[in-house]
2 protein chains.
Amino acid sequence: MHDASSDNDGTGSRAPRGRSRATGRATLADVAALAGVSPITASRVVAGKTTVRPELAERVRAAVAQLGYRPDPSARALASAKSRHVVVLIPLLSNTLFTELLEAVQDVMWDAGYPIFVGITQYKPEREAALLDSYLSHRPAGLILTGFDRSEAQRRLIEASDTPCVHVMELSDAPDVHCVGFSQIKAAQAVARHLLDRGRRRIAFVGAQLDPRTLERAEGFRSVLQAAGCHDPRLEILDSRPSSAALGAEAFRRLVETHPDLDAVFFCNDDLAHGGLLEALRLGVPVPDRVSVVGFNDLPGNAQMLPALSSLRTPRREVGDAAARMLLRLMRGEPVDAPAVDLGFELKIRASS
Amino acid sequence: MHDASSDNDGTGSRAPRGRSRATGRATLADVAALAGVSPITASRVVAGKTTVRPELAERVRAAVAQLGYRPDPSARALASAKSRHVVVLIPLLSNTLFTELLEAVQDVMWDAGYPIFVGITQYKPEREAALLDSYLSHRPAGLILTGFDRSEAQRRLIEASDTPCVHVMELSDAPDVHCVGFSQIKAAQAVARHLLDRGRRRIAFVGAQLDPRTLERAEGFRSVLQAAGCHDPRLEILDSRPSSAALGAEAFRRLVETHPDLDAVFFCNDDLAHGGLLEALRLGVPVPDRVSVVGFNDLPGNAQMLPALSSLRTPRREVGDAAARMLLRLMRGEPVDAPAVDLGFELKIRASS
DNA sequence: CTGAAAGCGCTTACAG
DNA sequence: CTGAAAGCGCTTACAG
C-alpha cells in the first residue's frame, strides 16, 4: 500500500497545501520555481525592473503566463509600505462636473494600473478629514483633492504621510503645491464682462452651496460690476442649499418680482440656470430680450434649452486627465514641468444672452 | 562615556528602528506591549471579538487610544486572505440613477468600516470582465454588481472567488442569487397602462443605450400595448447611443414629423424626456393636450419642466441602501430574509400626461 | 546581473 | 480566556 498523499510529494508549492493557509493561487515562488530563478529575480521582472538578463526575464514572463500569476496587492503593500491605490476626494457625485472629472482620472489611472478609491466629502470639512484619516492608513500611492479648503492639521497630516498629492479645480501659486485647474475668479469675470458687453447693467448673481469656488465666482463677478459702476448687492442671491433646478427657478422668480428692472442673471451653475430659464418661460419673461441668462460649467443639455443656454465651459475632463498624469509623474519621482497648470475656460455664447 | 544609542534600549519596538523597514507607526505589538498582553489578545480586542476578559480588553483599548494605533489594512488582508474592500461595478457615472445608488451604498459601507472601490463598466462586457478580474485579485470582502448581463465565465470567476455578491437594479428568482431591485418590465407596464387610461392609443416608445434594463422596459411597454391592440412597431425608437437630452429632442421631432397622429411618448429616461419636452415647446406641440409625455426614473428637475414631467420613480437610493445591508449580512455570514428584494416603484403623475 | 535572509504587520490554527 | 509559533506573499537592503 502506498501513501495516497505522496502523489504530490516533491512538486513543491504547486501542490495543494492541505491545512495550510495558502490560497491556492499561484505565488511568486511558484513562478520562480517554474522559471528556475530565485523569487527576487521573478519579483524584479514582474515589477518591470530592467536589471534582469533578457533570457531569464523571458522565462519568468512565460511562467507568469502559464500559471496565470497575479501579484497579491496586499503582500506588495505590506512589503513595500506603499499600496497601488490612488485616492480621489470630491464633494459629491450629483454634479456632472465631478463625475466627468472622476471618469477622466479613472481612465488614466486604470491604464497605469492604479485602482482608485473615491471619497465623497459632501462639502463637509469634518467628513473630508475623516476620509483622509481613513484612506491614508492604506498608504495610498497618490492623492487627488478638490480645492484647498482644509485645515492646517489636515495639511500637515498629508505632508507627514509623504503621499504625492495634486489639487484640482483651483489654482495656487505656492511653489510646493501641485494643482490643475483654472481661475474661478477670471472665469466669472469673463461672464460678467460678456453681459456688460451686451449692454446689461442690472445684472444679478445667483450662487448655491457656497463652497469656496462659488464664492470666488461671486468675487470675480462683483469686481467687474464694481469697476463698471453698476454693482448692486441686492441683486446677489447667495443660498447655502445645494444647487438644483428648483433653487434656480425660485431665485429667478424672486429676482424678477423684487427687481422688475433686472436685465441679466448669472447663475453660477447650469442646473440653477436651467431652473431659471424654465421659470422665465413659465412667467412669460422673454429671454434674452428682457433678461439675459448665463450659466456656468456648460454641462450637457444646454443646447436643448429654450432658448439655448449660454454658459462658461470648464475643462473638467482635461483637468482630471492632466491631474492624473501629473500625479503619475510625482508617484514615479519624475519631474513635472510646472507645479500649477492653468487649463483656462471658454465662453459658450448661445441664444440666452 | 555611555553609548548614546542605549537610551532606548529595552523599550522594544517603540524606539526608532534605524535602518529597518518599519514605518514608525504604532503596530499591534506596540499596543500589546503597552497593555501588557500578547499581540494575539490585542488583535482579538481590535477585531471586536468578545472572548477577551473585559479588564484586558479595556487595557488594550486604552493602549490603542494612547498610541493612536490604526490597523494596517494590507497586513490584515495578507494574514486573513480577505481585504475590507467592497467593490461596486456600475455602468457609468453620468446617470444620476447610479450616482444616487452609489452614494447610498457608500454611506452604509463607510459606517460599517468598508471603503468601496468603484468600477465604471461603460456598459461594455469586456470592460466589466477586466475590472472584475483586476478587483478580484484584491480579494474584496464583497461585490455589488449592476444587473445580470455577464458571461458564464465571469459568473464562474465570481463563484470561484467565493466573494459575497449582491446584484442591483434587476430581479432574479434563482434561489442562490442575491439581488435588490424592482421589475423593469412591470414598471414600464405601469407607464403604458397609465397612458392607455388617459385615452392615448398612438403611443411611442423612445429608448437609448439599449442596455438590458432598457430592453426590458421596451418589452413591458410592448406587452401592454399589444394586449390593448394598439401596438405599432413604427412608434418604437431604439437608439444605441447614450441617453441625452439632445437624443430625446431628436427622437421627438422625428416622431411628430413622421407620425402626426401621435398622442403620447414614453421616454425610458428622464433626460430623453427633458429633451423631448423642450423640443415640443420649440415646435409648438401642446403637451399634454396633443401629446402626453412620460419619463422614467424621476430624477431631480422634473417638477421644474414645462409642463412638469410625469415619470416613474425608481427607488435607487433604497436599492443602494438595501443592497449594502444585505451584502454586509452575507459578508458576516448572517442569514438574509430573502435572496431577492423587490423594492417596487411609484408612478409620479404631473402635468405632462 | 543574481540570490539567501530577513522582515513588513497582522491573523490563523493549535494548544493549554 | 490567553499565548507562542508559524505563516500570509511579497520587497528591501545587503552581499557577491
Side-chain angles (χ1 to χ4, degrees), chain A residues 12-14 17-33 35-60 63-64 67-84 137-139 141, chain B residues 12-14 17-33 35-60 63-64 67-84 137-139 141:
Chain A
S13 50
R14 296 176 64 196
R17 305 191 197 173
R19 295 168 310 162
S20 89
R21 282 156 59 198
T23 55
R25 304 200 311 191
T27 69
L28 241 202
D30 299 327
V31 170
V37 301
S38 71
I40 157 76
T41 295
S43 170
R44 283 194 266 254
V45 174
V46 170
K49 297 240 167 49
T50 51
T51 57
V52 175
R53 186 147 45 99
E55 177 199 328
L56 287 192
E58 200 35 66
R59 290 222 306 268
V60 171
V64 164
L67 261 28
Y69 170 73
R70 313 260 336 212
D72 183 311
S74 303
R76 232 176 200 181
L78 182 59
S80 68
K82 259 303 170 223
S83 79
R84 283 182 74 86
S137 80
H138 288 81
R139 308 177 188 290
Chain B
S13 51
R14 296 179 62 196
R17 305 190 198 173
R19 295 169 308 164
S20 91
R21 284 155 59 197
T23 55
R25 304 200 311 191
T27 69
L28 241 203
D30 299 326
V31 169
V37 299
S38 71
I40 157 76
T41 294
S43 170
R44 283 194 263 255
V45 175
V46 170
K49 297 238 171 47
T50 52
T51 58
V52 177
R53 184 148 46 100
E55 177 199 328
L56 288 192
E58 199 35 67
R59 289 223 306 267
V60 170
V64 165
L67 260 28
Y69 169 73
R70 314 263 330 215
D72 183 311
S74 303
R76 237 178 196 179
L78 182 58
S80 67
K82 259 306 171 218
S83 79
R84 284 182 74 85
S137 80
H138 288 81
R139 309 176 186 291

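A, B, ... follow the sequence lines: proteins, then strands. Residue 1 opens every chain. Computed from a predicted structure; not experimentally measured.
Remark: the backbone N or O of B:A35 is paired with a side-chain donor or acceptor of B:R59 at under 3.5 angstrom. B:S83 places a side-chain N or O within donor-acceptor distance of the main-chain N or O of B:R139, the cut-off being under 3.5 Å. With hydrogens and angles ignored, the 3.5 Å screen pairs a side-chain donor or acceptor of B:S80 with a backbone N or O of B:R76.
Each of D:dC10, C:dT12, D:dA13 was ranked by its minimum atom distance to the side chain of B:I40; first place goes to C:dT12. Of the candidates C:dC8, D:dT12, D:dG3, C:dC8 carries the atom nearest the A:A79 side chain, counting heavy atoms from C-beta on. In this structure, of C:dT2, C:dG9, D:dC1, it is C:dG9 that holds the atom nearest to the side chain of B:T27. Proximity note for A:A75 (side chain, C-beta onward) versus C:dC10, C:dT2, D:dC10: the nearest is D:dC10. The listed nucleotides are D:dC1, D:dT11, C:dG3; the one nearest the side chain of A:L28 is D:dT11. Taking every side-chain heavy atom of A:L56 into account, C:dT2 is the closest of D:dA4, D:dT2, C:dT2.
Using N1 to N3 plus N6-O4 or O6-N4 for Watson-Crick, or N1-O2 and O6-N3 for G-U wobble, each under 3.5 Å, D:dG16 pairs with C:dC1.
A close approach under 4.0 Å does occur between a side-chain nitrogen or oxygen of B:S38 and OP1 or OP2 of D:dG3. Taking only side-chain nitrogens and oxygens, B:R76 comes nearer than 4.0 Å to OP1 or OP2 of C:dT11. B:R44 has no side-chain polar atom (N or O) that falls below the 4.0 Å cut-off from OP1 or OP2 of D:dC1. Residue A:T41 has no polar side-chain atom (N or O) positioned under 4.0 Å from OP1 or OP2 of C:dT2.
Taking atom CG of B:L67 as the reference point, atom C1' of C:dG9 lies 14 Å away to the nearest angstrom. For the pair B:D72 CG and C:dC8 P, the computed distance is 12 Å after rounding to whole Å. When the P atom of C:dG9 is taken as reference, atom CZ of A:R139 falls 7 Å away, rounded to whole Å. In this structure, A:R70 atom CZ and D:dC10 atom P are separated by 12 Å, rounded to whole Å. Computed from coordinates, the A:D30 CG to D:dC10 P distance equals 9 Å when rounded to whole Å. We find that CG of A:L78 is positioned 18 Å from P of C:dA6, with the value rounded to whole Å. Distance A:R25 CZ to D:dC10 C1': 12 Å, rounded to the nearest Å. A straight line from NZ of B:K82 to C1' of C:dG9 spans 20 Å, rounded to a whole angstrom.
Atom CZ in A:R53 sits 13.0 Å away from atom CD in A:E58 (nearest 0.5 Å). In this structure, CG in B:D30 is found 9.5 Å from OH in B:Y69, a value given to the nearest 0.5 Å.
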